[in-house]
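Working notes for the structure below.
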Amino acid sequence: MEKIAPVRGTRDFYPEQMAVRNWIMDGWRAVSRRNGFEEYDAPIFEYLQLYTQKSGEEIVSQLFAMQDRGGRDLAIRPEITPSLARMINQQIHSLPRPVKWFSVPRLCRAERPQKGRLREFFQWNIDIIGDDSPLADAESIFTAIDYLRSVGLTSRDVVAKISSRSMLAAWLQELGATPQELDTIYALLDKRAKLPEETFQALAVEKIPEAGLRNKILELFQIDSFEKLKASAPPAAQEEVARLETLFHLLEVMGVRDYCTFDIHIVRGLAYYTGVVFEVFDRGAELRALCGGGRYDNLLKVLGGPKVSATGFGMGDVVLEILLREKNLLQTAAVPLDFYVIDAAAELGEQTVQTACQLRGRGFSAAFSYKRLPLGKQLKQASSQKARFAVILGQETIDSRQVTIKDMASGLQKTIALPEFLAGPDKVFAAGT
RNA sequence: GUGGGAGUAGCUCAGCUGGAUAGAGCACCAGGUUGUGGUCCUGGGGGCCGCGGGUUCGAAUCCCGUCUCUCACCCCA
């Protein structure tokens with residue numbers, strides 16, 4: 001028979017990788033909860049229309065679509081925000097606002113895999129729905145940074161680049177751009193940091209043929225600090241600039257201002273974002289964005305609900321893991337074995353199994369050998385299974401119901417009565433005993 | 001979808017310009033060691049050399065195709 005390979009762009013999670021994944025996700029969940037978010041989930045597939053209605057028909061080539069036996073067009077979820085919007089819309093009138101929810105969905109996208117991008121991955125999402133104040137945006141950004149900080153990434157390692165689409169829109173229209181031109185200009189802006197200056201200029205000429213408007217826009221693109229932005233903003237954009245200023249002030253109050261910077265280049269692709277947008281990068285700018293998000297005040301309406309404002313972000317596991325590995329900050333959620341129970345005499349085999357199971361019944365993890373082996377071999381197994389203690393049943397068990405407990409790290413051992421051990425398995429090596 | 005690089009043991013790789021039963025380290029299994037593990041020593045299992053075709057007396061090695069991985073472009077919700 002032929003060996004079947006894993007599907008392109010997918011990963012197998014052997015226990016070692018699974019421990020890493022669990023550690024990352026445990027961190028996401030813990031930080032979500034301490035910031036006041038509740039967990040939700042949605043189906044792993046949805047009607048294809050949920051995505052086309054939000055993103056247009058082009059999206060179909062970038063996701064895994066299928067038909068069920070009834071001919072319904074379905075798709076494996078490439079993101080969870082549309083599902084969230086669907087769920088919120090269904091209960092919009094009974095949910096207390098703001099809704100603060102998070103999820104850690106498994107997502108699939110039919111893209112060509114490359115560094116930091118796979119076809120199947122996990123993405124931490126948090127969203128705040130039903131509040132349009134800068135406080136909600138600030139708390140969203142804070143939550144992302146709160147996690148990154150919790151795993152040891154400092155403001156020298158990562159940076160949250162923040163801008164505002166509504167601010168840009170107001171400013172660009174003041175300069176003479178039409179609302180229809182905005183998306184083109186956003187795409188151009190998005191390219192600026194990625195292209196050589198010459199190529200960029202050529203692209204600018206192509207996208208904005210009219211020289212007067214183009215020059216004014218290119219001048220706007222030159223703004224590289226919030227101070228300059230504030231100083232040169234036209235009256236029509238002042239209100240949005242003030243919102244950004246409030247946001248930066250709140251991030252200062254929250255204690256994460258050093259992680260944040262204004263960057264006019266952040267526009268977030270062809271997304272549904274309407275206001276504040278942000279992306280978190282490694283300071284070395286070697287990797288793709290770690291995290292991206294912003295305000296999307298129209299999505300619920302686009303998906304058949306009322307106009308309700310929302311803000312949030314997504315953080316994928318792939319780039320995050322690469323960066324944490326590079327910075328030597330990766331840990332694992334591996335669970336150590338508490339006890340490895342050993343029989344030093346053949347006739348104690350059943351009692352060994354019984355003792356292990358009694359330990360399990362008291363909430364400890366315990367293992368034993370399936371094969372009758374010499375004591376040395378069993379200790380070797382205890383060692384390779386990373387047991388903290390070995391519990392040896394031997395002649396002393398037969399003679400006087402005593403067992404020997406060996407601390408595998410120090411090699412120290414004590415012999416005590418079996419009932420006493422079972423009464424407090426974790427107390428044998430506690431201080432003072 | 002477009003282009004570059006790479007495919008030899010579970011992993012990391014060696015195998016020079018074609019030459020005999022394809023190797024090393026790590027990992028795994030067993031023994032040395034029937035009441036004391038990690039170290040050490042010895043042995044063992046494991047390979048259609050990605051796949052298909054071609055050149056040749058002879059191909060892991062050269063040529064063509066194909067698949068997969070990877071990096072970049074497009075895109076990036």
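Since we're looking at a predicted model, the values are computed, not measured. So you know, we letter chains A, B, ... as the sequences are listed, proteins then strands, and number each from 1. Computed over heavy atoms, backbone and side chain alike; hydrogens, waters and symmetry mates excluded.
- Taking the six-membered ring where the residue is Trp, the centroids of Tyr147(A) and Trp124(A) are separated by under 6.0 Å.
- Separation of the C1' atoms belonging to G50(B) and U70(B) is 15 Å when rounded to the nearest angstrom.
- For Asp297(A), the side chain to side chain contact (heavy atoms under 4.5 Å, CB included) partners at least two apart in sequence or on another chain are Thr274(A), Arg295(A), Lys307(A), Ser309(A).
- For the side chain to side chain contact (heavy atoms under 4.5 Å, CB included) test, residues two or more places apart in sequence or in another chain that qualify with Pro374(A) are Lys377(A).
- Contacts of Asp338(A) classified as side chain to side chain donor-acceptor pair (under 3.5 Å), with partners at least two apart in sequence or in another chain: Ser365(A), Arg388(A).
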So what is the 5' to 3' dot-bracket string for RNA chain B, if pairs are Watson-Crick or G-U wobble with both distances under 3.5 Å, crossing pairs use [ ] and | means the partner sits on another strand? (((((((..((((.....[...)))).(((((.......))))).....(((((..]....))))))))))))....
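- Using a 4.0 Å cut-off between a side-chain N of Lys or Arg and a carboxylate O of Asp or Glu, Lys427(A) and Glu420(A) do not qualify as a salt bridge.
- Closest to the side chain of Gln413(A), out of G35(B), G31(B), U36(B), is U36(B).
- As a whole-Å value, the separation of Glu16(A) CD from C11(B) P is 13 Å.
- Rounded to a whole Å, the NZ atom of Lys191(A) is 8 Å from the C1' atom of C75(B).
- Residues passing the side chain to side chain contact (heavy atoms under 4.5 Å, CB included) test with Leu182(A) are Ala169(A), Leu172(A), Gln173(A), Tyr186(A), sequence neighbours excluded.
- Note: CG (Leu373(A)) to P (U36(B)) measures 15 Å, nearest angstrom.
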Atom pairs, N/O to N/O, protein against nucleotides 3-6 of chain B, distance under 3.5 Å?
none

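- Glu139(A) has its side chain within reach of Met254(A): a pair of non-hydrogen atoms, C-beta onward, lies under 4.5 Å apart.
- Straight-line distance between the C1' atoms of G18(B) and A60(B): roughly 10 Å, to the nearest whole Å.
- Side-chain atoms of Gln62(A) stay outside donor-acceptor range of the base of G1(B), with no qualifying N/O pair under 3.5 Å.
- Taking atom CG on Leu84(A) and atom P on A77(B), their separation rounds to 17 Å, with Å as the unit.
- Checking A77(B), G37(B), U68(B) against every side-chain atom of Met408(A), the shortest atom distance belongs to G37(B).
- Between U8(B) and G4(B), the distance separating the two C1' atoms is 23 Å to the nearest Å.
- Applying the salt bridge (Lys or Arg N to Asp or Glu O under 4.0 Å) test to Arg283(A) and every residue at least two apart in sequence or in another chain returns nothing.
- Partners of Asp407(A) under the side chain to side chain contact (heavy atoms under 4.5 Å, CB included) rule, at least two apart in sequence or in another chain, are Phe389(A), Ala409(A), Ser410(A), Phe429(A).
- Among the protein residues, Lys386(A) comes within range of no part of the nucleic acid, since none of its heavy atoms lies under 4.0 Å from any strand.
- Judged as a salt bridge (Lys or Arg N to Asp or Glu O under 4.0 Å), and not counting sequence neighbours, the contacts of Lys327(A) are Asp157(A).
- Rounded to the nearest Å, the gap between the C1' atom of A22(B) and that of A14(B) is 11 Å.
- Contact annotation for Gln385(A): no contact, since no heavy-atom pair falls under 4.0 Å across all strands.
- Taking atom C1' in both U42(B) and C63(B), one finds a spacing of 46 Å when rounded to whole Å.
- Each of Pro374(A) and Ala387(A) was assigned the nucleotide of RNA chain B with the nearest heavy atom; the assignment lying further toward the 5' end belongs to Pro374(A).
- Atom name P, nucleotides C69(B) and U33(B): the rounded distance is 50 Å, in whole Å.
- Rounded to whole Å, the C1' atom of G3(B) lies 28 Å from the corresponding atom of C49(B).
- Counting to the nearest Å, the C1' atom of C74(B) and the CZ atom of Arg288(A) are 11 Å from each other.
- With a 4.5 Å cut-off on side-chain heavy atoms, Leu84(A) and Asn125(A) do not count as touching.
- Across all strands, Ile59(A) comes closer than 4.0 Å to base atoms (heavy-atom distances).
- Among the heavy atoms of the strands lying under 4.0 Å from Gly394(A) is at least one base atom, whether or not backbone atoms are also near.
- Side-chain to base pairing of Gln114(A) with U70(B): no donor and acceptor N or O lie closer than 3.5 Å to each other.
- Atom CG of Leu195(A) and atom C1' of C73(B) are 11 Å apart (whole Å).
- Rounded to an integer number of Å, the gap from CD of Glu58(A) to C1' of C76(B) is 13 Å.
- As rounded to whole Å, 17 Å separates atom P of C75(B) from atom CG of Leu63(A).
- At a non-hydrogen distance threshold of 4.0 Å, Lys115(A), Arg117(A) from residues 115-132 of chain A come into contact with RNA chain B.
- Applying the salt bridge (Lys or Arg N to Asp or Glu O under 4.0 Å) test to pairs two or more places apart or on separate chains, those with a residue in residues 13-39 of chain A are Arg29(A)-Glu39(A), Arg33(A)-Glu39(A), Arg34(A)-Asp146(A).
- Of the possible donor and acceptor atoms, none in the side chain of Gln201(A) sits under 3.5 Å from a partner among the backbone N and O of Glu198(A).
- Comparing G35(B), A77(B), G37(B) by their closest approach to the side chain of Lys380(A) singles out G37(B).
- Within the structure, the salt bridge (Lys or Arg N to Asp or Glu O under 4.0 Å) test picks out no pair touching residues 393-403 of chain A (sequence neighbours left out).
- Contact annotation for Gly411(A): base contact, defined as any heavy-atom pair under 4.0 Å involving a base atom.
- Using a 4.0 Å cut-off, some side-chain N or O of Arg8(A) falls inside it from OP1 or OP2 of C69(B).
- One P atom belongs to G23(B), the other to G37(B), and the distance between them is 35 Å to the nearest Å.
- Residues Pro113(A) and Ile392(A) each lie close to RNA chain B; by heavy-atom proximity, the contact nearer the 5' end of the strand is made by Ile392(A).
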